[in-house]
There are 2 protein chains.
Amino acid sequence: MTSSDHKWVYAFRDGDDSMRNLLGGKGAGSAEMTKAGMPVPPGFTITTEACLAYFEGNESFPEDLQSQIDAALIDVESQTGKSFGSSDNPLLVSVRSGARVSMPGMMDTVLNLGLNTQTIAGLTKRTGDARFSNDAYRRFVQGFGAIVLGIDSRAFEAVIEAHKEAVQKAEDPELTAEDWETVTAQFKEIIKRESGEVFPDDPREQLTRAVQAVFKSWNGKRAIDYRNFHRLPHDWGTACNVQTMVFGNMGGRSGTGVAFTRDPNDGNPVLYGEYLLNAQGEDVVAGVRTPQPISTLQEAMPSVYEEFQAYAEKLEGHYTEMQDLEFTIEDGQLFMLQTRAGKRSPAAAIRIAVDLVNEGKITKETAVKRVEATQVDAMLHPRIDGTEQINPIAQGLNASPGAASGRVAFTADTAATRAENGDAVILVRPETSPDDFHGMAASQAILTSRGGATSHAAIVARQLGLPAVVGCESLDIDVSAGIFLIDGLEVSDGDILTVDGSTGNVMLGEVPLIPGEVTPELEQLLEWADDIRRLETWANADTPVEAELARSYGAQGIGLCRTEHMFREGDRLPIVQDMILAETEQDRRKSLAQLLPIQRDDFYGILKAMHDLPVVIRLLDPPLHEFLAGVENELAELEARDANAEDLALAKRKVTRANELHEANPMLGLRGCRLGLIYPEVYEMQVRAIIEAALQLKSEGVRARPEIMIPLVSHIAELKTIESGLRETAAAVQRDAGDEIEFKFGTMMEVPRACLTAGEISETAEFLSFGTNDLTQTTFGISRDDAEGRFLLRYVEDGILAENPFQVLDRTGVGALMEIAARAGRAARNDIEIGICGEHGGDPSSIEFCELIGLDYVSASPYRVPVSRIAAAHARLEQEFRDR
Amino acid sequence: MTSSDHKWVYAFRDGDDSMRNLLGGKGAGSAEMTKAGMPVPPGFTITTEACLAYFEGNESFPEDLQSQIDAALIDVESQTGKSFGSSDNPLLVSVRSGARVSMPGMMDTVLNLGLNTQTIAGLTKRTGDARFSNDAYRRFVQGFGAIVLGIDSRAFEAVIEAHKEAVQKAEDPELTAEDWETVTAQFKEIIKRESGEVFPDDPREQLTRAVQAVFKSWNGKRAIDYRNFHRLPHDWGTACNVQTMVFGNMGGRSGTGVAFTRDPNDGNPVLYGEYLLNAQGEDVVAGVRTPQPISTLQEAMPSVYEEFQAYAEKLEGHYTEMQDLEFTIEDGQLFMLQTRAGKRSPAAAIRIAVDLVNEGKITKETAVKRVEATQVDAMLHPRIDGTEQINPIAQGLNASPGAASGRVAFTADTAATRAENGDAVILVRPETSPDDFHGMAASQAILTSRGGATSHAAIVARQLGLPAVVGCESLDIDVSAGIFLIDGLEVSDGDILTVDGSTGNVMLGEVPLIPGEVTPELEQLLEWADDIRRLETWANADTPVEAELARSYGAQGIGLCRTEHMFREGDRLPIVQDMILAETEQDRRKSLAQLLPIQRDDFYGILKAMHDLPVVIRLLDPPLHEFLAGVENELAELEARDANAEDLALAKRKVTRANELHEANPMLGLRGCRLGLIYPEVYEMQVRAIIEAALQLKSEGVRARPEIMIPLVSHIAELKTIESGLRETAAAVQRDAGDEIEFKFGTMMEVPRACLTAGEISETAEFLSFGTNDLTQTTFGISRDDAEGRFLLRYVEDGILAENPFQVLDRTGVGALMEIAARAGRAARNDIEIGICGEHGGDPSSIEFCELIGLDYVSASPYRVPVSRIAAAHARLEQEFRDR
């Protein structure tokens with residue numbers, strides 16, 4: 001890259017959209033618009049390669065970059081007739097960052113660059129407006145000071161306020177050219193004091209400094225956090241755009257605005273946006289004057305509107321994607337400043353994708369590709385209706401999707417107490433720590449002023465499925481006073497707030513929410529996704545109701561039906577406890593005989609709900625002492641109220657048995673198939689119940705497809721011993737009934753040894769199901785219960801781990817075992833069915849990995865099925881792309 | 001094998017020692033002796049292949065076997081001039097099993113086969129002694145009934161006793177020909193009643209039945225158990241030897257005896273054995289008459305003795321191995337009946353191997369190969385002096401090495417109670433169950449009447465390192481009466497017994513024991529082993545005393561020095577607890593500053609003891625709450641005695657903190673490097689202490705070689721983060737001292753993920769040490785503490801697992817991970833040092849695996865070092881053999 005003929009700089013008219021990686025999104029867009037003949041102020045783009053070369057060169061420009069910038073400036077001068085540094089007709093430029101994809105946290109725009117004590121005269125000459133040019137200069141010094149030199153913007157604002165007071169004027173527009181001159185002089189003093197350097201007067205130095213600041217902002221903390229969160233590579237670099245200034249604040253026939261080609265809230269296909277006459281972009285942001293809806297421009301400046309609308313249509317058609325446009329009108333002339341894919345709400349994303357297909361603009365595949373799994377996820381959480389008018393008081397990082405309203409609480413304890421009293425609470429903290437966990441879990445949403453996408457608050461909120469907005473830096477929280485300030489607005493403890501974790505918006509008061517739902521557009525999109533994906537999407541469900549819900553969300557099977565939940569329900573627990581207290585197999589069988597009809601009903605219900613689809617039923621898994629939890633309290637209670645001797649004796653036996661069964665590390669103790677080997681009669685009862693239920697359904701004309709899963713196998717001998725016994729039971733039940741049903745035996749892959757010996761295991765198992773929760777625990781040697789609060793989240797916060805491996809499958813370790821197992825399993829039995837039933841089954845990155853290693857299905861909570869459907873389609877498209 | 005020209009039968013004179021696999025040890029020995037011109041009664045061997053073909057053919061003789069047996073009999077007839085079934089000069093034969101290696105549990109000898117109501121007349125005619133021939137017939141019917149037909153021998157003994165009473169005679173020799181005739185008739189009735197069949201009169205049928213019984217005994221339970229225990233294959237089969245009878249009970253110039261070419265107790269190179277005149281082999285066993293030492297034969301029958309001694313020397317020279325010989329003298333003529341490698345005590349095995357090398361008969365390699373690791377192990381346990389005269393009252397299976405004396409206890413509770421009172425206890429049970437564990441752990445040795453080498457008692461005893469004799473079937477235990485009977489002898493609760501788990505012998509009273517030691521012969525052998533082995537043998541040691549012990553046993557390094565033991569000792573615990581109670585890093589650092597000099601002294605001591613050798617020091621590993629164990633009791637005690645407020649407050653804080661630190665699964669919780677990341681100052685102090693100690697030693701001219709081990713790494717980022725911090729600490733300490741020492745940083749491989757990512761890890765780690773205890777726990781998903789008592793031992797008992805994976809490394813699962821890791825580790829860093837420091841490091845099979853995957857060293861308890869030295873040599877020899 002240091003070769004002297006390397007091209008670091010492209011004029012807008014030399015680039016096009018195919019050069020996005022080199023020119024960044026903004027640069028490529030400007031080039032494309034220029035090529036399409038739209039009125040784009042002349043300019044050029046310094047490439048992303050130049051940025052990378054800058055870092056490689058230890059923060060110095062690569063050879064030739066400066067000369068190429070100079071040449072490009074001369075080119076712009078010749079296009080505009082203006083001259084950089086000229087005191088007659090000065091060329092002023094804006095300098096903006098622009099990476100491949102839009103990325104918050106990088107450098108804002110520096111406007112009016114090129115102004116100095118000489119060129120200001122030229123500007124006054126050209127505009128005939130000294131106030132305008134002094135204001136422009138003031139804006140430049142202020143922007144350059146804040147953005148390039150990193151000086152706190154509030155220092156500048158304070159000078160303006162003080163000056164207004166001194167000259168007794170209320171608003172900025174009342175200030176004169178001289179006022180601005182005084183203010184600017186004070187700005188320069190602040191700059192000198194804070195940065196120790198004199199404000200650069202040389203336009204070329206200004207430009208160099210601004211370009212360097214753009215490059216450096218690529219490695220700013222917020223930008224890095226953002227890339228980490230969105231898993232974007234750090235080695236893309238950013239381009240830098242230098243463009244001739246046009247002025248929207250040159251009078252009533254000037255203005256500036258932004259517009260989307262469709263409504264970004266709900267996807268409605270009409271031009272959507274706003275503009276301000278006689279204003280620069282920053283005035284829109286400052287909020288002193290209220291912008292007008294874009295539609296009113298049609299009346300105000302009909303021909304400009306028409307021209308803009310034509311460009312908008314053309315650009316959307318060209319990109320086949322909803323565009324976010326920036327424009328400026330300078331003295332009646334329209335300039336297009338930016339076009340890029342527009343950010344939109346999840347609902348809008350889905351509607352636009354579907355509409356574009358219906359309009360014949362994109363393929364179904366493209367539509368599916370464009371909607372992110374997190375957007376589908378957000379649709380399934382409560383959300384703010386896109387058509388609702390909202391007035392955010394702040395915006396932070398959208399760290400965990402969904403929206404919620406509640407009363408502000410500033411401490412975890414307050415949150416927990418209020419929640420106990422039935423209040424909906426929004427926990428507002430500068431940041432959260434593990435000590436706040438109880439308060440977080442009790443809240444409806446989390447809002448913090450500090451921290452990024454991997455802050456404690458963000459991680460825990462995603463974990464808990466709570467909406468969260470983090471790093472909302474405009475919040476000034478005073479916990480002890482019980483208030484926070486935002487732009488002068490004071491919000492107190494107990495005030496009602498609405499937090500939208502899908503957008504990052506924070507609203508005062510209660511905003512009406514609509515519940516999570518699969519809209520018709522989403523359903524359409526998911527059906528297209530279904531046509532694409534290879535992976536089946538199953539769901540984990542323990543009851544007929546859950547099974548029906550899963551089926552309604554498109555589940556193609558039950559990947560995990562846990563039978564222990566069935567053991568815990570009220571009327572069954574005493575029988576289960578009797579079974580556990582039994583001292584002989586005979587006594588145990590008596591209790592099990594009581595459980596048999598109950599279990600049979602359980603299985604009947606779920607198999608019926610899932611008729612024609614497979615249902616993987618896991619035989620009893622947890623350690624038996626779990627069913628004796630709380631027996632100490634039971635005993636204490638009985639003793640307190642002088643209960644009869646018989647009840648007391650039973651309670652005492654329970655306590656004794658619970659102590660006997662106590663384990664140092666229950667996760668790794670007597671559970672799963674180990675129980676099935678020590679007490680074979682338990683699994684025998686369960687298999688009998690399953691087969692009997694399926695036979696009953698068959699006699700009713702319903703096709704049941706149970707798949708019997710033996711948990712926690714670490715050695716083929718465990719599986720073989722249990723399976724052969726249970727196969728006999730199944731055969732006997734069928735023989736007695738004089739009928740046969742279809743069923744499978746298989747195992748859960750949840751310890752490393754099972755994965756390492758999957759070849760042997762698959763000679764017996766007809767299916768394998770990765771229980772990646774436990775597999776992650778055993779592969780890392782980490783107990784999730786103990787680790788997350790104590791150190792695992794901190795690992796993620798500190799960047800020791802990029803992700804919590806219980807949320808995003810660890811491909812290097814756990815994934816390696818899965819791959820070994822899947823390969824060996826298929827080699828041993830080529831029609832073996834292999835799936836995943838850990839929580840990872842609903843996580844897009846993990847689903848992608850499951851596609852990669854060729855699993856047959858993913859299974860997660862019923863609510864995650866739509867997410868799985870789209871993620872599986874994405875994974876397939878990605879895979880096909882790689883296969884090409 | 002069914003081809004009609006297959007040779008199933010070999011006459012002794014057609015075989016030789018090279019045909020051991022085909023003819024079995026006994027057959028090959030007889031053939032070899034015949035070939036050497038020694039007087040072996042003519043006979044033939046039916047091959048092991050015939051045995052296997054018999055099983056393959058569903059328990060029927062392969063084609064041609066019967067005809068080959070018939071032909072071989074004709075051959076023997078022609079050699080002896082006797083005739084099978086003849087009532088004139090009948091050929092009588094013995095039928096004996098004989099596998100490749102001597103194997104208890106297979107069929108005993110059937111003597112006098114060929115006798116029936118006709119041939120008995122011939123025998124009487126030849127011997128002129130009707131009493132002799134009737135007694136011989138009686139012995140045959142009794143032996144055939146018991147051994148071939150499986151009838152309880154005691155039924156026959158009862159008949160003899162009843163008859164003696166009826167005819168008022170005290171001893172067998174007083175019984176007449178007629179008496180024996182009557183007794184034999186009654187034997188036949190018993191046989192008819194018990195087996196439902198008439199005793200076979202046809203000698204050919206007798207022979208066929210006896211051969212089949214020999215074959216079947218190969219698959220008898222005891223034989224299978226024995227093979228499982230000694231890891232011998234089940235598909236060898238046994239040969240069957242049919243040999244002309246010679247009679248040692250034909251008068252004063254007849255006799256029978258056994259002799260070893262060297263003393264099997266201590267290896268002394270003199271003929272050792274005993275004989276009885278006018279007796280058959282079974283009379284020696286019956287113990288009615290006391291056999292004479294073999295040396296007295298020199299006077300009794302000088303020429304026979306001389307002849308025998310010559311044969312003995314020749315045979316030992318031929319086999320270059322101590323021989324166990326059987327002989328019979330028939331009317332002054334010596335017959336050699338058997339030669340085989342003699343069983344011997346561990347001490348004898350070692351001495352003989354060393355002597356044979358010194359005598360120039362075998363190579364050092366052969367000597368090393370011949371001594372088993374378990375024999376070396378036995379030498380290190382207390383044992384009975386081989387020169388001591390012992391009178392075993394019973395012999396069972398030698399299930400766990402070492403010897404011990406103590407008072408008999410029949411229940412686990414009794415054993416536990418007595419042990420608490422300071423008594424040495426021998427637990428005697430029909431068999432043990434998990435409920436007996438506390439009593440077993442409290443005993444000096446275990447003795448059971450039932451069960452084999454994989455019985456609960458055997459497994460637990462090996463685990464606990466206790467001597468055990470199991471399956472001692474001659475014991476008749478009455479637990480409720482508190483006695484056991486053995487051959488009429490009554491032993492009561494509280495009587496003193498000595499149990500020798502190395503030999504299986506049980507002695508009444510206290511037999512003097514000699515402590516475990518490395519004898520000069522053993523040291524010699526181990527030095528030869530050292531020349532052979534490639535694997536280094538290190539030891540796990542936490543104190544200077546242990547380190548010195550390890551060094552004296554030949555340890556070449558410390559593979560695991562656990563620092564937590566150093567934290568637990570009396571005066572340190574309060575400081576450690578203070579550290580854990582500290583609420584700020586600053587307070588923690590204060591406590592750590594107090595610990596620093598203490599730790600430095602610890603490390604100084606151990607590094608000095610191991611000067612010039614590497615010492616792997618593991619940084620703090622256990623969860624912090626372990627250091628707060630028992631604080632509830634402390635508090636309760638203080639409350640009970642109204643302690644002062646300050647002490648109470650401290651105790652309360654400890655309890656609170658212990659509760660905070662409580663974990664559901666501490667094995668998988670906040671421990672190891674996770675602690676090091678959350679409280680970096682702890683590891684920092686430890687590294688400072690290590691480096692300072694090493695610097696101090698250097699200044700004293702002692703070379704210290706610390707290797708700092710970071711435990712429980714599952715992700716390279718953990719290791720990298722900690723290592724880089726500690727490397728800075730180490731650098732700072734050295735900088736301050738103005739000197740440098742040699743040290744390494746490395747990690748313990750104890751979770752599957754570390755193994756799966758060993759390539760990444762080895763870019764940072766300079767050494768890897770497999771912690772196979774935890775690695776086995778995480779690979780299987782099994783908590784050893786919870787599993788062994790509850791289900792794991794039962795898995796081994798039930799044959800679900802062949803071995804307890806915490807004793808013998810699981811090559812398929814855990815081993816696969818180790819192999820993956822070792823390969824990736826070397827690929828990433830070719831001089832990386834890789835070892836094992838789990839308990840498996842002292843287990844021969846596991847050591848063999850470590851050789852196989854090319855580890856650098858094995859490390860186990862200091863006492864296991866000699867075992868590791870010989871096992872490592874065996875592994876190397878095995879490996880070289882495979883490489884050939």
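First the proteins, then the strands, lettered A, B, ... as listed; each starts at 1.
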Q: Using non-hydrogen atoms and a 4.5 Å limit, figure out which bit of B/Thr757 sits close to chain A: side chain, backbone, both or neither.
A: side chain
Q: Determine the option with the most heavy-atom pairs under 4.5 angstrom with chain A, choosing from B/Ile716, B/Asp810, B/Val713.
A: B/Asp810
Q | Which atoms of A/Thr721 approach chain B - backbone, side chain, both or neither, heavy atom under 4.5 Å | A | side chain
**Q.** Most contacts with chain B, counted as non-hydrogen pairs under 4.5 angstrom, among A/His662, A/Lys720, A/Glu663
**A.** A/Glu663
Q: Grab the two heavy atoms, one from B/Arg790 and one from A/Glu660, that are nearest each other, plus how far apart they are.
A: NH1-O, 3.0 Å
Q) Is a side-chain donor or acceptor of B/Arg657 paired with a backbone partner of B/Ile580 at a separation under 3.5 angstrom? A) yes
(Q) Walk me through whether B/Gln777 and B/Asp786 qualify under side-chain contact (heavy atoms from CB on, under 4.5 Å). (A) CA-CA 11 Å; B/Gln777 297 198 89; B/Asp786 297 309; over 6 Å; no
Q) So does A/Arg753 pair up with A/Glu718, basic N to acidic O under 4.0 Å? A) no
(Q) Are more than 12 heavy atoms, taken from residues, nucleotides or ligands other than A/Phe437, located less than 6.0 Å from that residue's CZ atom? (A) no
Q) Using non-hydrogen atoms only, which part of A/Leu801 is less than 4.5 Å away from chain B: side chain, backbone, both, or neither? A) side chain
Q: Go through B/Met818 and B/His840 one step at a time and tell me if the side-chain contact (heavy atoms from CB on, under 4.5 Å) criterion holds.
A: CA-CA 13 Å; B/Met818 289 171 68; B/His840 299 100; over 6 Å; no
Q.
Just so I understand: if I count every heavy-atom pair under 4.5 Å between each of A/Ala664, A/Ala754, A/Ala717, A/Pro805 and chain B, which residue has the most?
A. A/Ala664
Q. Can you tell me if B/Ser846 uses its side chain to pair, donor with acceptor, with the backbone of B/Val808 under 3.5 Å?
A. no
**Q.** Option that, when pairs with chain B are counted at under 4.5 Å, heavy atom only, ranks first among A/Leu756, A/Ile820, A/Leu775
**A.** A/Leu756
**Q.** Segment of B/Asp774 engaging chain A (4.5 angstrom heavy-atom cut-off)
**A.** neither
(Q) Heavy-atom pairs under 4.5 Å with chain A - which of B/Ser783, B/Gly813, B/Ser714 has more of them than the others? (A) B/Ser783
**Q.** Per-residue contact mode, A/Glu750 against chain B (heavy atom under 4.5 angstrom)
**A.** neither
Q) Does any heavy atom of chain B fall under 4.5 Å from the side chain of A/Arg794, the backbone, both, or neither of them? A) side chain
**Q.** Neighbour count >12 (heavy atoms, 6.0 Å) for atom CD, A/Glu728
**A.** no
**Q.** Selection from A/Val751, A/Ile800, A/Thr778, A/Ile782 maximising heavy-atom pairs under 4.5 Å formed with chain B
**A.** A/Ile782
